[in-house]
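Numbers here are sequence positions counted from 1.
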Amino acid sequence: MAELTVVLSTWSERRDKVEQLRHRFSQIEFVVPSNDAEYAEVMPRAHVVVGRLPQELLPQARNLRWIQNQGAGVDRLLTPEVIASDVIVTNAQSLHAAQISEHVLTMMLCFARDFRKILQAQRDHVWRPPEFDPFCLGGQSLGVVGAGGIGSALAEKAHHLDMRVIGLRRRPKEKPSYLDKLVGSDGLHDLLRQSDHVAVCCPLTAATTGLIGEEELHAMKPSAYIYNIGRGRIIQAEPLLTALKEGWIAGAGLDVTDPEPLPPDSELWDMPNVIVTQHTSGTAPHNDDRFFDLLEENIGRFLSGEPLLNVVDKEAGY
């Protein structure tokens with residue numbers, strides 16, 4: 001009988017990695033369900049779930065001790081039952097900082113260099129785009145709402161582009177050198193007023209749902225841009241649409257939206273001051289390999305009783 005049963009819920013296409021885990025941890029039963037029925041069958045003996053965990057199967061998971069999430073956001077996973085339980089939840093937030101921070105910078109540079117007009121001119125076979133109006137990021141201010149792993153990576157890159165960077169953390173720690181200023185939650189409006197660009201990098205929690213609404217968007221400069229790579233519901237949908245249409249702010253780069261997927265008839269698709277990137281910011285060529293390295297490390301730690309990496313504060317939501 002195996003010491004532990006680990007359910008790899010979404011890895012049927014990576015048999016090479018599954019075999020690698022089986023070779024290293026021969027005392028563990030690794031199960032890769034091929035359908036919902038097999039998933040339900042294995043849940044009563046599962047000690048660890050990697051990936052998705054359907055809420056309806058949670059009551060059957062009587063032996064569950066640890067959930068390893070594949071992404072950074074755990075808002076869909078943290079049901080009241082999971083929060084109240086003794087189950088440890090870990091995420092993969094440390095794996096996505098490089099590509100997501102570069103994704104935000106790409107959107108910022110697209111606005112700075114007016115690339116939407118340039119690319120449209122290319123499609124129209126026009127040599128010079130009309131009303132081309134670029135600007136430089138250097139010397140401008142970036143406000144990072146959620147200066148954790150991803151937000152800090154963005155802040156450091158922006159610092160090297162000669163931007164002034166203001167970070168916001170729920171629990172401010174010692175200010176790193178790449179931040180010009182670090183504020184707590186009560187400093188949100190000051191950050192918004194001072195920033196030419198605002199990047200929403202925080203997780204979706206009870207405290208951050210609807211965090212950016214009409215009052216916050218009005219606090220921003222009319223020349224400022226907002227970017228969201230957290231979750232769509234952190235920015236209130238209707239005030240954002242109004243702000244973009246009426247010029248409260250200059251534009252938005254949205255990797256996540258509310259609702260998501262964005263409906264085909266949403267006005268956001270065709271607005272000249274909006275970039276929509278369809279929740280692609282975390283995509284990178286070696287995501288699977290990097291995740292399995294983290295998983296392998298955490299399984300080893302779990303077996304030896306060591307602290308796991310990327311443990312989520314279930315009450316805080318991240």
Q: First locate atom CG of Leu154, then atom CD1 of Ile150, and finally report the distance between them rounded to the nearest 0.5 Å.
A: 10.0 Å
Q.
Check Asp293 with Arg290, please: is the shortest side-chain N to carboxylate O separation under 4.0 Å?
A. no
Q: Check for a donor-acceptor pair, side chain of Thr257 on one end and backbone N or O of Pro259 on the other, with a separation under 3.5 Å.
A: yes
**Q.** Pair Asp124-Gln120, side-chain donor/acceptor within less than 3.5 Å
**A.** yes
Q.
A side-chain contact here means heavy atoms from C-beta on lying under 4.5 Å apart; do Glu214 and Thr242 qualify?
A. no
Q: May I ask you to check whether Thr90 and Asn310 show a side-chain donor-acceptor distance below 3.5 Å?
A: no
Q: Go through the side-chain N and O atoms of Ser304 and Glu306 and say whether any donor and acceptor fall under 3.5 Å apart.
A: yes
Q | Candidate list Leu58, Leu64, Val312, test side-chain contact (heavy atoms from CB on, under 4.5 Å), partner Val82, passing option | A | Leu58
Q: Establish whether Val48 and Val18 are linked, either directly or via other cluster members, by ILVMFWY side-chain heavy-atom contacts under 4.5 Å.
A: yes
Q. Should Arg24 and Ile299 be marked as a side chain to side chain contact (heavy atoms under 4.5 Å, CB included) after you check the CA-CA gap, both sets of side-chain angles, and the distance that decides it?
A. CA-CA 10 Å; Arg24 177 174 173 185; Ile299 290 175; over 6 Å; no
Q.
Ignoring hydrogens, what is the shortest heavy-atom contact between Cys202 and Thr208? Give both atom names and the distance.
A. SG-CG2, 4.1 Å
(Q) When you compare the side chain of Ile83 with that of Glu315, does any pair of heavy atoms fall below 4.5 Å? (A) yes
Q) How long is the span from the CZ atom in Arg113 to the CD1 atom in Ile118, to the nearest 0.5 Å? A) 6.5 Å
Q. Going by heavy atoms in the side chains, are Leu211 and Val200 under 4.5 Å from each other?
A. no
Q.
When you compare the side chain of Asp36 with that of Leu57, does any pair of heavy atoms fall below 4.5 Å?
A. no
Q. Side-chain heavy atoms under 4.5 angstrom apart, residues restricted to Ile, Leu, Val, Met, Phe, Trp, Tyr: same cluster for Phe111 and Phe132?
A. no
(Q) I'd like to check Val31 versus Arg45 (side-chain heavy atoms, cut-off strictly below 4.5 Å). Are they in contact? (A) yes
Q) Where does the angle between the aromatic ring planes of His197 and Tyr225 fall among parallel (under 30°), tilted (30 to 60°) and perpendicular (over 60°)? A) parallel
Q. Leu142 versus Tyr227: any side-chain heavy-atom pair under 4.5 Å?
A. no
Q) Is any side-chain heavy atom of Leu53 less than 4.5 Å from a side-chain heavy atom of Met43? A) yes
Q) Thinking salt bridges, do Lys17 and Asp288 make one under a 4.0 Å N-O criterion? A) no
(Q) Quick check: is Val276 connected to Ile229 through a chain of hydrophobic side chains (ILVMFWY, heavy atoms under 4.5 Å apart)? (A) no
Q. Yes or no on salt bridge (charged side-chain N to carboxylate O under 4.0 Å, His left out) for Arg15 and Glu19, after CA distance, side-chain angles and deciding distance?
A. CA-CA 6 Å; Arg15 293 288 178 177; Glu19 292 307 315; 5.8 Å; no
